[in-house]
Amino acid sequence: MAQSISAAGAQALLADGGEVALIDVREITAFGTGHPLLAANLPLSALEPAVLATVPRRATRVVLLDGGGGGEAALAAARLETLGYDAVHIPDGGAAGWSAAGGALFPEIEVPAKGFGAFARSLGRPDFIDPPELARWLEDGENCVVLDSRPRREYGWGNIPGSTNAPGADLLRCFDDLVPGPETKVVVNCMSGTRGILGGLSLRFAGIGNEIRVLHHGTRNWLLHGQELETAATRFADPATAKSVEQARPRAARIAEAAGIARIDHETLARWRAERARTTYLFDVRTADEFAAGHLDGAVNAPEGTLVMSPERYFATLGARHVVCDDDEVRATVTALWLTMMGWGEVAVLAGGIAGAPLATGPAPASVVQVDAAHRIAPGDLQELAGARVIDVGHSDAYVAGHVPGAAWCSRTALAETPALRDGGGPLVLTSEDGGVAALAAAEIGAGALVLEGGVQAWRRAGLPLEAGEGRLLGPRVDHWLASSERPGDLRENVEAYLDWEVGLFDDIRAGGPVPYRNLIWT
């Protein structure tokens with residue numbers, strides 16, 4: 001049974017040094033209006049698989065936050081208790097009560113990472129280059145390379161013309177493959193700031209002597225200055241050569257020694273993972289292809305710098321242990337540096353990485369909640385089912401990208417109230433990306449709902465056609481976060497206001513209470 005707790009009591013739990021997960025269960029559009037700095041956003045619409053993945057130890061203390069009404073947190077608590085979580089707390093008043101008790105609330109998303117970017121900007125003092133100067137360099141044929149530190153998907157949305165994609169710690173690992181020589185100037189960019197700053201500063205701290213510049217405010221600022229982006233580029237950094245890795249290893253070792261990054265052996269890892277009273281996460285930060293080719297059993301793949309930028313995709317327990325691994329300690333060391341400085345808990349690099357250990361292959365298994373009540377239907381049978389009413393209850397972004405032809409979309413949290421369930425007609429079939437959330441939704445509403453076996457992924461694997469776009473939305477896309485460039489109003493004003501917010505975020509965090517960040521490398 002979930003325990004009611006005061007907001008001040010919940011804040012005390014976070015400060016007592018023990019493991020605790022602070023989870024905001026609102027959909028992202030509400031979460032982004034204001035939430036505690038260290039809250040992980042695990043929305044009700046996909047709560048169960050998300051919490052199993054990010055809070056693996058069922059005895060972990062869990063604090064559930066909603067907007068203040070209490071209904072969402074209570075529903076979330078019931079779901080968690082069904083899964084075996086037995087230390088669930090609901091603060092009085094939700095986010096509003098948190099604020100009334102003196103706790104700061106922060107707008108936007110990915111706030112801990114972006115706040116750390118502002119922290120790094122203030123203390124690390126990167127050398128910036130403005131878009132007009134970079135445009136002149138490129139036009140004049142300056143001896144320079146532009147390296148984009150974002151994941152491949154974001155790079156494809158729009159990149160500086162001619163740039164090469166080298167996400168996260170691949171910047172250091174592939175550096176000598178991408179940069180012709182010590183006289184070549186290097187410009188690191190991202191979309192707005194954080195990943196470019198961290199990428200540029202990691203190269204500097206590793207002892208690289210090239211002139212390293214960071215594109216001020218990234219591609220957003222490039223557009224504000226009237227420059228155009230290249231789209232759908234495929235200049236991805238090739239796997240690092242042996243020569244480049246040979247150069248990167250001592251540079252990574254320099255980082256580890258200077259910052260005091262902990263290293264543990266495989267025996268220590270096994271002992272930690274066997275402890276029932278502590279949580280130990282194991283993250284493999286190599287690419288998805290490398291991970292699938294062979295990884296340590298139980299490791300979670302967190303490639304392309306996403307572990308630093310979007311930690312709640314991978315962990316939600318505060319005060320836990322985090323072990324980072326790869327195959328040569330380069331990417332693991334850079335990742336561990338930033339995680340340690342962000343204050344996420346006990347962080348260590350696995351010495352030697354995966355070398356010499358038994359390896360599993362294929363992608364890591366997804367967290368699945370078994371639901372017995374759902375009736376399944378295969379993709380081919382659904383295609384032949386006359387008059388079926390298909391509702392996609394997965395993420396709306398995935399629905400827009402591609403869904404079963406004729407399917408409508410509805411958030412799982414609003415499904416029970418949608419008129420589509422009461423309109424009668426043919427068989428009701430629910431689906432989602434992999435069918436998991438659809439099965440949970442079907443068990444909740446009953447009414448003989450069928451579930452597409454394997455979801456849209458299985459439909460795609462069967463070679464069946466997909467439809468794209470926002471047609472047939474049965475409610476607002478509460479799970480879709482609008483970037484500053486997508487929001488209503490004046491584009492320039494929106495983007496400039498967002499960039500100003502990012503720059504001032506560290507000051508906002510300092511004003512709001514204890515700062516989790518640690519300075520290990522800057523004087």
Side-chain angles (χ1 to χ4, degrees), residues 1-7 9-10 13 20-36 39-55 58-98 312 316-317 367-374 391-396 409-422 430 432 435-447 449 451 474-480:
M1 185 74 179
Q3 301 177 35
S4 179
I5 189 173
S6 68
L13 287 182
V20 60
L22 175 61
I23 297 174
D24 192 317
V25 300
R26 294 174 291 171
E27 297 299 323
I28 197 168
T29 52
F31 173 81
T33 64
H35 55 272
N41 183 216
L42 307 185
L44 267 174
S45 57
L47 176 65
E48 295 93 331
V51 78
L52 287 174
T54 60
V55 189
R58 303 296 205 282
T60 302
R61 299 176 299 174
V62 178
V63 176
L64 297 176
L65 207 65
D66 59 17
E72 290 175 303
L75 178 55
R79 292 179 181 175
L80 263 59
E81 288 162 10
T82 299
L83 296 175
Y85 293 87
D86 57 9
V88 179
H89 304 78
I90 300 177
D92 298 333
W98 186 275
E312 66 195 44
T317 301
S367 298
V368 177
V369 181
Q370 299 298 327
V371 180
D372 298 329
I391 299 180
D392 193 317
V393 294
H395 201 287
S396 68
W409 177 85
C410 182
S411 170
R412 175 190 172 195
T413 56
L415 182 63
E417 306 302 324
T418 183
L421 295 185
R422 301 187 293 272
L430 302 183
S432 58
V437 170
L440 292 165
E444 289 166 353
I445 66 170
V451 173
L474 300 181
R477 295 178 63 189
V478 293
D479 60 353
H480 175 68

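Quick caveat, the model's predicted, so the values are computed rather than measured.
- A pairwise comparison of heavy atoms in Leu13 and Val20 identifies O-CG1, 4.0 Å as the closest pair.
- A side-chain donor from one of Ser45 and Glu27 sits under 3.5 Å from a side-chain acceptor of the other.
- For Ser4 and Asp92, the side-chain atoms include at least one donor-acceptor pair closer than 3.5 Å.
- For Leu47 against Leu42, the heavy-atom pair with the smallest separation is CD1-O, 3.5 Å.
- Between the side chain of Ser432 and the main chain of Ala438, a donor-acceptor pair closer than 3.5 Å is present.
- No side-chain donor-acceptor contact under 3.5 Å links His480 to the backbone of Val478.
- Taken from NE2 in His89 to OG in Ser6, the straight-line distance is 10.5 Å, to the nearest 0.5 Å.
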Subject >> CA sep, side-chain torsions, deciding dist, call: Arg412, His395, side-chain contact (heavy atoms from CB on, under 4.5 Å) >> reply: CA-CA 9 Å; Arg412 175 190 172 195; His395 201 287; over 6 Å; no

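- The distance from the CD atom of Glu81 to the CG atom of Asp86 is 9.0 Å, given to the nearest 0.5 Å.
- In this structure, CG in Leu440 is found 12.0 Å from CG in Leu415, a value given to the nearest 0.5 Å.
- Panel note: side chain Asp24, backbone Ala39; no donor-acceptor pair is recorded below 3.5 Å.
- Under a 3.5 Å cut-off, the side chain of Thr33 and the backbone N or O of Thr29 do not form any donor-acceptor pair.
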**OP:** Dump the intermediate steps for side-chain contact (heavy atoms from CB on, under 4.5 Å) on Leu80 and Val62, then the final yes or no.
**Re:** CA-CA 9 Å; Leu80 263 59; Val62 178; 3.8 Å; yes

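- The side-chain tip of Arg58 points at the ring of Tyr85 from less than 6.0 angstrom away and within 45° of straight on.
- Taking every heavy atom of both residues into account, Ala87 and Ala59 meet most closely at CB-O, 4.1 Å.
- The two residues Leu65 and Pro91 come nearest to each other via the heavy atoms CD1-CG, 3.9 Å.
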**OP:** Decide side-chain contact (heavy atoms from CB on, under 4.5 Å) for Leu44 and Arg26; before the verdict, give the C-alpha distance in whole Å, the side-chain angles of both, and the deciding distance to 0.1 Å.
**Re:** CA-CA 7 Å; Leu44 267 174; Arg26 294 174 291 171; over 6 Å; no

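- In this structure, the side chain of His35 does not engage the main chain of Ala95 through any donor-acceptor pair within 3.5 Å.
- Considering Thr54, Asn41, Ile23 as possible partners of Glu312, the one that fulfils the side chain to side chain contact (heavy atoms under 4.5 Å, CB included) test is Asn41.
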Subject >> side-chain contact (heavy atoms from CB on, under 4.5 Å) evaluation trace for Leu64 with Leu22 >> reply: CA-CA 6 Å; Leu64 297 176; Leu22 175 61; over 6 Å; no

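- For Trp409 (side chain) and Gly394 (main-chain N/O), a donor-acceptor pair under 3.5 Å exists by modelled atom type.
- For the residue pair Ser396 and Arg477, a side-chain donor N or O sits within less than 3.5 Å of a side-chain acceptor on the partner.
- Between Gly435 and Val451, the shortest heavy-atom contact is O-CG1, 3.9 Å.
- Under the 4.5 Å side-chain criterion, counting only non-hydrogen atoms from C-beta, Val88 is not in contact with Gln3.
- Within the model, atoms CG of Asp66 and CZ of Phe31 stand 13.5 Å from one another, a figure rounded to the nearest 0.5 Å.
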